[in-house]
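Structure first, commentary second.
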Amino acid sequence: LPFAMRWPLLHTILADKDSRRIFYFMSLNFAFMIVQACYGFLTDSLGLLSDSIHMFFDCLALGVGLFAAVASKWPPSERFPYGFGKIESLSGFGNGVFLM
């Protein structure tokens, strides 16, 4: 995508199928969260406000997964000679701990 070339991080996310899907779902979830929060604020609906907060934490978990999907593709370096392939497992563990 030509517009993504100006932003290297966005280009990296959109280049891979897995990270692209996570990014699209996170964006959709964030958009619904904003709509719920605004409408909940306008109508004084505690149910909509609490669900928008819940969706915010879902977006945080998706952000951790997106970071792991991008970071797992980083090449090995001198400091990390085995690469970053296991970061996806660690992010799953971190999300599990976050749920507790």
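A quick note: this is a predicted structure, and the numbers were derived from the prediction, not measured.
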May I ask you to check whether over 12 heavy atoms, not counting those of R20, lie within 6.0 Å of atom CZ?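 Check passes, neighbour count above 12.
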Hey, what's the ring geometry for F57 with F98, parallel, tilted or perpendicular (30° and 60° as the breaks)? tilted
Could you tell me which non-hydrogen atom of [X] sits nearest to which non-hydrogen atom of [Y], and how far apart they are?
{"X": "I22", "Y": "A69", "answer": "CD1-CB, 4.1 Å"}
{"X": "L49", "Y": "F41", "answer": "CD2-N, 3.8 Å"}
{"X": "N95", "Y": "G65", "answer": "ND2-N, 4.5 Å"}

If you measure from [atom1] on [X] to [atom2] on [Y], what distance do you get to the nearest 0.5 Å?
{"X": "M33", "Y": "D51", "atom1": "CE", "atom2": "CG", "value": "11.0 Å"}
{"X": "L66", "Y": "C59", "atom1": "CG", "atom2": "SG", "value": "11.5 Å"}
{"X": "N29", "Y": "M26", "atom1": "CG", "atom2": "CE", "value": "9.5 Å"}
{"X": "R21", "Y": "L62", "atom1": "CZ", "atom2": "CG", "value": "14.5 Å"}
{"X": "L9", "Y": "L14", "atom1": "CG", "atom2": "CG", "value": "9.5 Å"}

Check which hydrophobic residues are tied to L48 through side-chain heavy-atom contacts below 4.5 Å, counting indirect links as well, and list them.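 So far as hydrophobic clustering goes, L48 is joined with Y39.
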For I34, side chain to side chain contact (heavy atoms under 4.5 Å, CB included) partners two or more places apart: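 For I34, the residues satisfying side chain to side chain contact (heavy atoms under 4.5 Å, CB included) (neighbours in sequence not counted) are F30, C38.
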Give the intermediate values and the outcome of side-chain contact (heavy atoms from CB on, under 4.5 Å) for residues L28 and Y24. CA-CA 6 Å; L28 185 66; Y24 287 158; over 6 Å; no
Treat each ILVMFWY residue as a node, draw an edge where side-chain heavy atoms are under 4.5 Å apart, and state whether [X] and [Y] are in one component.
{"X": "L60", "Y": "F32", "answer": "yes"}
{"X": "F23", "Y": "W74", "answer": "yes"}
{"X": "V70", "Y": "F67", "answer": "yes"}

I'd like a table of donor-acceptor pairs (distance under 3.5 Å, sequence neighbours excluded) in which one partner is a side-chain atom from residues 80-89, with atom names and distances.
unit_1 : atom_1 : unit_2 : atom_2 : d
E88    : OE2    : S72    : OG     : 3.4

